[in-house]
Amino acid sequence: MKKPPRPNLHDAATTVVVVHGAAHAIRAFAVLLCCSIGAFAPLGTAHAQTVLAAPTPARSSTAPAVSDPDARWSADLAAFDAADQAQPQPPGGVLFIGSSSIRRWTSLEHQFAQQLPVVIRRGLGGSRIDDWSRQLNRLVLRYRPRLVLLYAGDNDIAEGRSPTAVLASVKKFVTGVRSALHGTRIAFISIKPSPRRSQWMANVREANALVRAYAEADPTVDYIDVFTPMLDKDGQPREELFLPDGLHLNDTGYSLWRSVIADRLR
């Protein structure tokens with residue numbers, strides 16, 4: 001009886017090596033396949049969940065500050081509030097509001113005291129017409145005036161707003177006042193011709209003309225022309241009416257304004 005052939009150890013070792021190598025190759029292929037699938041996995045797969053689970057930067061506890069368009073006038077507004085608390089204004093007065101030409105007219109109340117029993121002045125330097133619409137409740141309606149005289153539009157034009165935009169802002173202001181105070185009249189003091197802003201003279205003329213035509217068509221709105229008497233014989237701004245900055249009025253300029261406005265108030 002023949003014995004079974006002795007196993008060839010060389011062949012067995014070779015087989016083991018081949019099988020072992022094949023196993024390594026299979027594992028390597030599986031790893032490579034998983035990485036390839038993960039690289040192209042859509043959101044919701046294990047790869048996407050890994051990405052979403054990554055730590056996110058800590059959120060700042062300080063929220064960005066919201067810009068307040070009236071922040072630059074905070075001191076002025078606080079002063080107005082304090083003045084009103086110290087001496088409440090009776091209704092039915094005459095209210096002068098506007099930009100720096102009103103703010104700097106410190107003798108206004110005194111100059112009109114004999115003609116008007118109650119005179120209130122509220123000015124915000126650098127303000128535009130829309131700023132006064134935004135301040136309507138705080139600086140207009142609370143006084144319940146019988147007449148509001150507004151000087152604004154000077155800065156609107158200098159900042160590039162068109163004459164038609166100025167007219168639209170005037171209408172918005174008038175609508176705001178009229179909706180709350182039905183019997184209050186509104187007078188628009190024309191935009192002045194300033195030597196420093198002579199490059200915008202054409203736009204100032206056009207804006208004044210548009211507001212004048214609007215006022216003439218509305219019986220509750222008046223237009224007070226300080227523009228024309230502030231021109232010299234050549235149609236240029238009279239420099240003797242202005243401070244050296246060529247923008248703000250001096251005492252002579254304010255005397256002219258007082259004369260023109262007082263005549264219209266009569």
(message) Would you compute the distance between atom CG of L249 and atom CG of L243 and round it to the nearest 0.5 angstrom?
(response) 7.5 Å

(request) Any chance you could measure L116, atom CG, to Q114, atom CD, to the nearest 0.5 Å? (result) 11.0 Å

(request) Would you mind reporting whether L139 and L124 have side-chain heavy atoms less than 4.5 Å apart? (result) yes

(message) Using a 3.5 Å distance criterion without hydrogens, assess whether the side chain of D245 forms a donor-acceptor pair with backbone atoms of H248.
(response) yes

(request) Would you kindly say whether N203 and R197 are connected by a side-chain donor-acceptor distance under 3.5 Å? (result) no

(message) Quick one, I191 and I157 - any side-chain contact, counting heavy atoms below 4.5 Å?
(response) yes

(message) Show the nearest heavy-atom pair for residues L150 and G98, with the distance to one decimal.
(response) CD1-CA, 4.4 Å

(request) Report yes if the side chains of L231 and M201 come closer than 4.5 Å at any heavy-atom pair, otherwise no. (result) yes

(message) Quick check: closest heavy atoms across A83 and R122, and the distance to 0.1 Å?
(response) CB-NH2, 4.4 Å

(request) Output all residues satisfying salt bridge (charged side-chain N to carboxylate O under 4.0 Å, His left out) with D131, sequence neighbours left out; order by chain, then residue number. (result) R128, R134

(message) For R142, give me all partners under side-chain contact (heavy atoms from CB on, under 4.5 Å), at least two apart in sequence or on another chain.
(response) D81, D84, R138

(request) Would you list the pairs meeting side chain to side chain donor-acceptor pair (under 3.5 Å) in which at least one residue belongs to residues 179-188, sequence neighbours left out? (result) R185-D222

(request) For T252, check side-chain contact (heavy atoms from CB on, under 4.5 Å) against everything at least two apart and list the hits. (result) L241, N250

(request) Supply the atom-to-atom distance T175 OG1 to I186 CD1, rounded to the nearest 0.5 angstrom. (result) 8.5 Å

(request) Find the distance between CG (D263) and CD1 (I224) and round it off to the nearest 0.5 Å. (result) 10.0 Å

(message) So T228 and D225, do their side chains get closer than 4.5 Å, heavy atoms only?
(response) yes

(message) When you measure from the side chain of S100 to the backbone of R103, do you find a donor-acceptor pair of N or O atoms at a distance under 3.5 Å?
(response) no

(request) Please answer: with hydrophobic residues joined when any side-chain heavy atoms are less than 4.5 Å apart, are W200 and I129 in the same cluster? (result) yes

(message) Could you tell me if the side chain of R266 sits less than 4.5 Å from the side chain of I261, heavy atoms only?
(response) no

(message) Using every non-hydrogen atom in the two residues, find where S194 and D154 come nearest and quote the distance to one decimal.
(response) OG-OD2, 4.0 Å

(message) Is it the case that atom CD in Q87 sees more than 12 heavy atoms from other parts of the structure closer than 6.0 Å?
(response) no

(request) Would you sort out whether L77 and Q135 count as a side chain to side chain contact (heavy atoms under 4.5 Å, CB included), showing the intermediate values? (result) CA-CA 10 Å; L77 295 172; Q135 291 293 336; 3.9 Å; yes

(message) A side-chain contact here means heavy atoms from C-beta on lying under 4.5 Å apart; do Q85 and F80 qualify?
(response) no

(message) Listing request: all ring pair (Phe, Tyr, Trp, His ring centres under 6.0 Å) pairs with a residue in residues 124-173, at least two apart in sequence or in separate chains.
(response) Y151-W257

(message) Which heavy atom of E239 sits nearest to which heavy atom of P195, and what is that distance?
(response) CG-CG, 4.0 Å

(request) Can you sort out the partners of D234 under side-chain hydrogen bond (donor to acceptor under 3.5 Å, both in side chains), two or more places apart, ordered by chain and number? (result) none

(request) Go through the structure and list residues passing salt bridge (charged side-chain N to carboxylate O under 4.0 Å, His left out) with R238, not counting sequence neighbours. (result) E240

(message) On a heavy-atom basis, which atom in V226 and which in S190 lie closest, and how many Å separate them?
(response) N-OG, 2.9 Å

(message) Taking salt bridge (charged side-chain N to carboxylate O under 4.0 Å, His left out) as the definition, give me every residue that meets it alongside R161, ordered by chain and number, with sequence neighbours left out.
(response) D130, D156

(request) Test side chain to side chain contact (heavy atoms under 4.5 Å, CB included) on L181 and L141 and set out the steps. (result) CA-CA 7 Å; L181 304 174; L141 302 184; 3.7 Å; yes

(message) Filter on ring pair (Phe, Tyr, Trp, His ring centres under 6.0 Å), then keep only pairs touching residues 82-101, sequence neighbours left out; what's left?
(response) F96-F112

(message) Side chains of S101 and S99: any donor to acceptor distance under 3.5 Å?
(response) no

(request) Please name the pair of heavy atoms, one in P237 and one in P193, separated by the smallest distance, quoted to 0.1 Å. (result) CB-O, 3.2 Å

(message) Once side-chain contact (heavy atoms from CB on, under 4.5 Å) is applied, do any residues pair with P91, and if so which ones, sequence neighbours excluded?
(response) R144

(request) With sequence neighbours excluded, give me every salt bridge (Lys or Arg N to Asp or Glu O under 4.0 Å) pair touching residues 163-177. (result) none

(message) If you define the side chain from C-beta out and look only at heavy atoms, does anything of R121 sit under 4.5 Å from L149?
(response) no

(message) Within the 4.5 Å heavy-atom criterion, are R104 and Y254 side-chain neighbours or not?
(response) yes

(request) For Q111, check side-chain hydrogen bond (donor to acceptor under 3.5 Å, both in side chains) against everything at least two apart and list the hits. (result) W105, S107

(message) Could you go through I97 and I102, starting from their C-alpha distance and side-chain angles, then the distance that decides it, and tell me whether this counts as side chain to side chain contact (heavy atoms under 4.5 Å, CB included)?
(response) CA-CA 6 Å; I97 62 172; I102 298 298; 5.7 Å; no

(message) Run the side chain to side chain contact (heavy atoms under 4.5 Å, CB included) test on F188 and N208 for me, step by step, so that the C-alpha distance in whole Å, both residues' side-chain angles and the decisive distance to 0.1 Å come before the verdict.
(response) CA-CA 9 Å; F188 181 81; N208 283 337; 4.2 Å; yes

(request) May I ask whether F242 and L247 are part of the same hydrophobic cluster, defined by side-chain heavy atoms of I, L, V, M, F, W, Y residues being less than 4.5 angstrom apart, directly or through others? (result) no

(request) State the CG-OG1 distance between D218 and T220, to the nearest 0.5 angstrom. (result) 3.5 Å

(message) Distance check, rounded to the nearest 0.5 Å: L265 atom CG versus L147 atom CG?
(response) 6.5 Å

